[in-house]
Amino acid sequence: MAEKQEKAFAKKVFDKLATVYPEVHPALEYTTAFQLLIATILSAQCTDARVNIVTETLFKKYKKPQDYISVAQEELEKDIFSTGFYRMKAKNIQGCCKSLIENYNGKVPKDFDELVKLPGVGRKTASVVAGNAFGIPAIAVDTHVIRLSNLLGFIDSKDQTKIEFRLKELLPESYWVNSSHWLATHGREVCFARHPQCHECVIAKLCPSFNPQSNMKGKK
DNA sequence: CTCCCGATAT
DNA sequence: ATATCAGGAG
């Protein structure tokens, strides 16, 4: 298929998702770029719902980068325990905060290439912060985006970076930030990894992987 | 490719 | 009891 058709197809898919998910803010709770950075680091291999439970109290105790490095790593570990990988995350958050203070005047850098230099911040996390806190066009590729991009035939690859660049060539910049929200939301609410709910999927007709048998569980 | 780890669904 | 969810670093 020609590239032009692929782009038209992608646009069709995302325009449809846009009508179903008009609310496009992240599922993570935050009020500042710094909070979003911390929440997104915590969300690695953890559900956003769980992160929100932890940050509700965490953000009352820790306001500035300085607050995170003025406690022992063990104390921060206890405060983020239930998000999993707590030793590494505590270490990364403290490393992040040190770097923010030493290299960025205590502010979260807006530049993607600076963000990925922070410990615990990969392309996904950097894209979430750049896109949602600073309005810089970026596509956050999480596990849902990987799965749905393959199911929808945008790409045949599990490589996070390749998928990010593929979606970027398929979509106009104005779609970038929202595109990952739409795919992630759709992945979380309808197109589950286990039993995709194809019967109630609004883009089933467009989806090359549409399976009418999908999800008959429970309905005899 | 392996390690890091708890919460929840089945 | 066990599978599955969910990214980044070395």
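Reminder, nothing fancy here: chain letters follow the sequence lines and each chain counts from 1.
Summarising the geometry, the separation between OH on A:Tyr86 and P on B:dC5 is reported as 6 Å, rounded to the nearest angstrom. We find that CZ of A:Arg50 is positioned 8 Å from C1' of B:dG6, with the value rounded to whole Å. The distance between atom NE2 of A:His195 and atom P of C:dA3, rounded to the nearest whole Å, is 15 Å. The nearest whole Å value for the distance from the NZ atom in A:Lys117 to the C1' atom in C:dA9 is 17 Å. Distance A:Ile146 CD1 to C:dG7 C1': 9 Å, rounded to the nearest Å. Here B:dC4 presents its C1' atom at 12 Å from NZ of A:Lys91, a figure rounded to the nearest Å. As a whole-Å value, the separation of A:Asp159 CG from C:dG8 C1' is 14 Å. As a whole-Å value, the separation of A:Arg194 CZ from B:dT10 P is 6 Å.
The residue A:Ile53 sits apart from the nucleic acid: no heavy atom pair falls under 4.0 Å. When heavy atoms are screened at a 4.0 angstrom cut-off, A:Asp48 is found touching no nucleic acid atom at all.
Considering only the side chain of A:His144, C:dA6 comes nearest among C:dG8, C:dA6, B:dC4. For A:Gln45, the side-chain atoms get nearest to C:dG7 when compared with the rest of C:dC5, B:dG6, C:dG7.
Between A:Gln160 and the phosphate of C:dG8, there is a side-chain N or O to OP1/OP2 separation shorter than 4.0 Å. Applying the 4.0 Å criterion to OP1 and OP2 of B:dA7, one finds that A:Thr83 has every side-chain N and O outside that range.
You'll find the ring centres of A:Phe14 and A:Tyr175 outside the 6.0 Å limit. Taking the centre of each ring, A:Phe112 and A:Phe134 stay at or above the 6.0 Å mark.
Within a 6.0 Å sphere centred on NZ of A:Lys162, heavy atoms belonging to other residues, nucleotides or ligands number 12 at most. Atom NZ of A:Lys168 has more than 12 neighbouring heavy atoms from other residues, nucleotides or ligands inside a 6.0 Å radius.
In this structure, A:Lys107 and A:Leu100 have side chains that are not in contact, with every pair of non-hydrogen atoms separated by 4.5 Å or more.
Between A:Val116 and A:Ser43, the residue whose closest nucleotide on DNA chain C is further toward the 5' end is A:Ser43.
One P atom belongs to B:dC5, the other to C:dT2, and the distance between them is 23 Å to the nearest Å. Taking atom P on both nucleotides, C:dA6 is separated from B:dC3 by 23 Å, rounded to a whole Å.
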